Enquirer: 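Quick one: structure below, then a few questions.
The analysis underlying the following values was restricted to heavy atoms, covering all of them including side chains, and did not include hydrogens, waters or symmetry mates. Computed from a predicted structure; not experimentally measured.
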Amino acid sequence: RHPLATFFHLFFRVSAIVTYLFCDWFSNSFVACFVTILLLLSFDFWSVKNVTGRLLVGLRWWNQIDEDGKSHWVFEAKRVPTIAASTEAEARIFWLGLIICPVIWTMFFFSTLFSLKLKWLALVIAGISLQTANLYGYIHCKLGGQKTISRVTSRLFGTTDVPKRQSRRISEDSTEEHGKTGTR
């Protein structure tokens, strides 16, 4: 349904990686390579955050600063009852691109570090930062923000969230029963 968004989701990511790998073959200018890759990473960050995430998976996130100067992450998820086969494929492409690229940039980090090409280290760290920020934002969107993540971790580690959930269920059940009896 959104072939152009799918194309650009992968285009900027893959272009930044390919340019990083083969930039020395095409140009001797470190600055030109650095700026080109950084622009591709920035275009990717913006397009994924503002366009492709919303179109392909119905998720979006942003960070806003309140009046006190505190930073707040905001996560949104569009509720879609059924997903068509084409959008399911697009969602799979979205998530694979979102997960694989930070892993690739992390491998570039260790490669750059161990080969002592330290001039590229700042660029690789920028790539990791931009890719990971999008991944972090969309994982939080998918899981429902901080509240869902705390519930998931409490289930994993068996914290004392169980009595709270049971008391909420009991109060919800009594509310539902009260609503049923009040309508008769």
Enquirer: Would Ile104 and Met107 count as a side chain to side chain contact (heavy atoms under 4.5 Å, CB included) here? Give the steps.
Expert: CA-CA 5 Å; Ile104 292 172; Met107 289 188 309; 4.2 Å; yes

Enquirer: Rounded to the nearest 0.5 Å, how far apart are CG of Asn63 and CZ of Phe75?
Expert: 8.5 Å

Enquirer: Would Leu121 and Phe109 satisfy side chain to side chain contact (heavy atoms under 4.5 Å, CB included), going step by step from the backbone distance to the final call?
Expert: CA-CA 7 Å; Leu121 203 55; Phe109 173 78; 3.6 Å; yes

Enquirer: Can you give me the closest heavy-atom contact between Phe45 and Ala133, atom names plus distance?
Expert: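 The pair with the smallest heavy-atom distance is CE1-CB, 4.0 Å.
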
Enquirer: With a 6.0 Å cut-off (strictly less than), is the heavy-atom count around CG of Asp66, excluding the residue itself, greater than 12?
Expert: yes

Enquirer: Pair Arg13, Leu98 - check side chain to side chain contact (heavy atoms under 4.5 Å, CB included), show working.
Expert: CA-CA 9 Å; Arg13 292 174 172 268; Leu98 202 64; 3.2 Å; yes

Enquirer: Restricting to non-hydrogen atoms, name the atom on Phe108 and the atom on Val124 that form the minimum distance, rounded to 0.1 Å.
Expert: C-CG1, 3.8 Å

Enquirer: Determine the interplanar angle of the Trp73 and Trp61 rings, folded into 0 to 90°, and report it as parallel if under 30°, tilted if 30 to 60°, perpendicular if over 60°.
Expert: parallel

Enquirer: Heavy atoms only: give me the nearest Ile37-Ala16 pair and the separation to one decimal.
Expert: CG2-O, 4.1 Å

Enquirer: For the ring-ring contact (aromatic ring centres under 6.0 Å, His included) test, which of Trp46, Phe43, Phe94 pairs with His9?
Expert: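 For His9, the ring-ring contact (aromatic ring centres under 6.0 Å, His included) check succeeds only for Phe94.
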
Enquirer: Closer than 3.5 angstrom, by distance alone: can the side chain of Thr132 be matched with the main-chain N or O of Ser129 as a donor-acceptor pair?
Expert: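 Side chain of Thr132 to backbone of Ser129: no pair is present.
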
Enquirer: Which heavy atom of Tyr138 sits nearest a heavy atom of Gly53, and at what distance?
Expert: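 Shortest heavy-atom separation between Tyr138 and Gly53 comes out as OH-CA, 3.4 Å.
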
Enquirer: State the CZ-OG distance between Phe22 and Ser27, to the nearest 0.5 angstrom.
Expert: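 Here the interatomic distance stands at 15.5 Å.
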
Enquirer: What do the steps show when you test Ile99 against Leu135 for side chain to side chain contact (heavy atoms under 4.5 Å, CB included), and what is the final call?
Expert: CA-CA 7 Å; Ile99 293 169; Leu135 180 62; 3.8 Å; yes

Enquirer: Which heavy atom of Leu10 sits nearest to which heavy atom of Gly97, and what is that distance?
Expert: CD2-CA, 4.5 Å

Enquirer: Hey, is the main chain of Phe11 close enough, under 3.5 Å, to the side chain of Ser15 for a donor-acceptor pair?
Expert: yes

Enquirer: Minimum heavy-atom separation for Glu90 and His2, please, with both atom names.
Expert: OE2-N, 2.7 Å

Enquirer: Would you say Leu130 and Trp105 make side-chain contact, with heavy atoms under 4.5 Å?
Expert: no

